[in-house]
Amino acid sequence: MQQPIMISPSILAADFLNLGRDIDAVSNADYIHVDVMDGHFVPNLSYGTTIVEAAKRATRIPLDVHMMVSNPDETVDWYVDAGADLISVHVEAARDLPAIVTHLHERGVKAGVVINPATPVEVLEDVIELVDLVLVMSVNPGFGGQGFIEGTYDKVRALSAICSRREVGPIIEVDGGVSLSNARALAAAGAQMLVAGSAVFKSPDPASIVREMRELASLGLECKKA
Ligand code: DX5
Ligand code: ZN
């Protein structure tokens, strides 16, 4: 059953010499977030299908693949084949987002759309009914360990309002600078899934950060309902 609040630790902040160990250390996570960067859509290069395949072998936790690439239309299949369970593509990069979403669904994979901090939520009006998830970037994509952009709360609230008005319920995910200090407020604004890299993997006890983050966010969710 889907949890009301989901935590997706980003392995960008993991120790790649000990990736299996680090993934094991977050066995209480809901997803494992895999950041694919092409050095073109974002000014950094990370990893591709080999790491998705390796993560798939290492865990039964579903993989949440965040594609920061210029040509998602041509390359989503690589990540489906590698074992992704959910794939999110940037609205700024996709040529034909509805076609990508339809294709992912046909291949049995959940489909998400990502918006950069500078992209307004209104661009989602046309696709919001198609996607399983909307990922709101709370930093400019490309690097872990950046400071959280405070304007994200308003953006998540605006997105929640669009979803209510349209009577659709994609998962709202937030990525970048997420920590124990903002998890509760993010959930209160409407976030249901939190990505955290540094906050989780730079901690000596990653599982306890996942648990605490979920607990704090659940308190925020209660505030939202009240
Ligand atoms: C940034 C990535 C994030 C990153 C988050 O471009 O999309 O997923 O790993 O890292 P933290 O939590 O350290 O900001
Ligand atoms: Zn990411």
Side-chain angles (χ1 to χ4, degrees), residues 5-16 19 22-23 25-26 29-48 51-52 55 61-70 72 75-76 79 84-94 110-119 131-153 155-156 171-187 191-204 206-207 209-210 212-214 216-217:
I5 293 289
M6 293 178 281
I7 308 295
S8 188
S10 168
I11 57 168
L12 191 65
D15 173 359
F16 279 83
L19 184 58
D22 279 10
I23 290 177
V26 291
D30 302 282
Y31 278 89
I32 299 293
H33 188 84
V34 187
D35 287 305
V36 174
M37 303 180 187
D38 67 352
H40 186 260
F41 179 70
V42 289
N44 194 13
L45 189 62
S46 60
Y47 36 73
I51 290 292
V52 176
I61 300 173
L63 302 181
D64 159 27
V65 174
H66 174 191
M67 290 183 66
M68 287 161 273
V69 306
S70 297
T75 55
V76 280
Y79 299 93
D85 297 276
L86 158 66
I87 296 182
S88 298
V89 300
H90 274 260
V91 70
E92 302 87 2
K110 290 197 175 76
V113 58
V114 196
I115 52 170
N116 276 337
T119 303
V131 295
D132 303 295
L133 175 146
V134 177
L135 171 51
V136 178
M137 289 308 299
S138 39
V139 297
N140 285 305
F143 300 91
Q146 302 183 76
F148 176 82
I149 296 173
E150 296 290 326
T152 307
Y153 298 116
K155 214 164 172 183
V156 171
I171 296 164
I172 299 179
E173 182 179 28
V174 175
D175 181 10
V178 175
S179 68
L180 295 183
S181 64
N182 52 26
R184 182 175 175 160
L186 278 168
Q192 296 149 301
M193 181 157 157
L194 303 177
V195 177
S198 313
V200 169
F201 287 110
K202 303 302 180 201
S203 154
I209 301 292
V210 169
E212 280 176 56
M213 192 172 280
R214 191 187 287 116
L216 285 167

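Since this is a predicted model, take the numbers as computed values, not measurements. Ligands are counted one by one from 1 in listed order, and the atoms in each one are counted from 1 as well.
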* Could you pull out the N/O/S protein atoms under 2.8 Å of the Zn ion (ligand 2), ignoring any water? => His33 NE2, Asp35 OD1, His66 ND1, Asp175 OD2
* Asked: Just checking, any donor-acceptor pair under 3.5 angstrom between side chains of Asp64 and His66?
  -> no
* Check whether any side-chain heavy atom of Val89 sits under 4.5 Å from a side-chain heavy atom of Val76, and report yes or no. => yes
Give a table of atom pairs where an N or O of ligand 1 lies under 3.5 Å from a protein N or O.
unit_1   : atom_1 : unit_2 : atom_2 : d
ligand 1 : 6 (O)  : Gly142 : N      : 2.7
ligand 1 : 7 (O)  : Asp35  : OD1    : 3.0
ligand 1 : 7 (O)  : His66  : ND1    : 3.2
ligand 1 : 7 (O)  : Asp175 : OD2    : 2.9
ligand 1 : 8 (O)  : His33  : NE2    : 3.3
ligand 1 : 8 (O)  : Asp35  : OD1    : 3.1
ligand 1 : 8 (O)  : Asp35  : OD2    : 2.8
ligand 1 : 8 (O)  : Asp175 : OD1    : 2.7
ligand 1 : 8 (O)  : Asp175 : OD2    : 3.0
ligand 1 : 9 (O)  : Ser10  : OG     : 2.8
ligand 1 : 9 (O)  : Asp35  : OD2    : 2.9
ligand 1 : 12 (O) : Gly197 : N      : 2.8
ligand 1 : 13 (O) : Gly145 : N      : 2.9
ligand 1 : 13 (O) : Ser198 : N      : 3.0
ligand 1 : 13 (O) : Ser198 : OG     : 2.4
ligand 1 : 14 (O) : Gly177 : N      : 2.8

* Asked: CD/Glu92 to CE/Met68 distance, rounded to the nearest 0.5 angstrom?
  -> 11.5 Å
* Asked: What's the shortest heavy-atom distance between Pro43 and Pro141, and which atoms?
  -> CD-O, 4.2 Å
* **Test item: Asp38 side-chain N/O and Ser70 main-chain N/O as donor-acceptor pair under 3.5 Å** => yes
* Any sub-3.5 Å donor-acceptor pair from Ser8's side-chain atoms to Val195's backbone N or O? -> no
* For Leu180 and Leu216, work out which heavy atoms get closest and say how close. => O-CD1, 3.4 Å
* **Spatial distance of atom CD1 (Ile23) from atom CD1 (Ile11) [nearest 0.5 Å]** => 5.0 Å
* To do: Look at the side chain of Asp22 and the backbone N and O of Asp15, then say whether any donor-acceptor pair between them is shorter than 3.5 Å.
  => yes
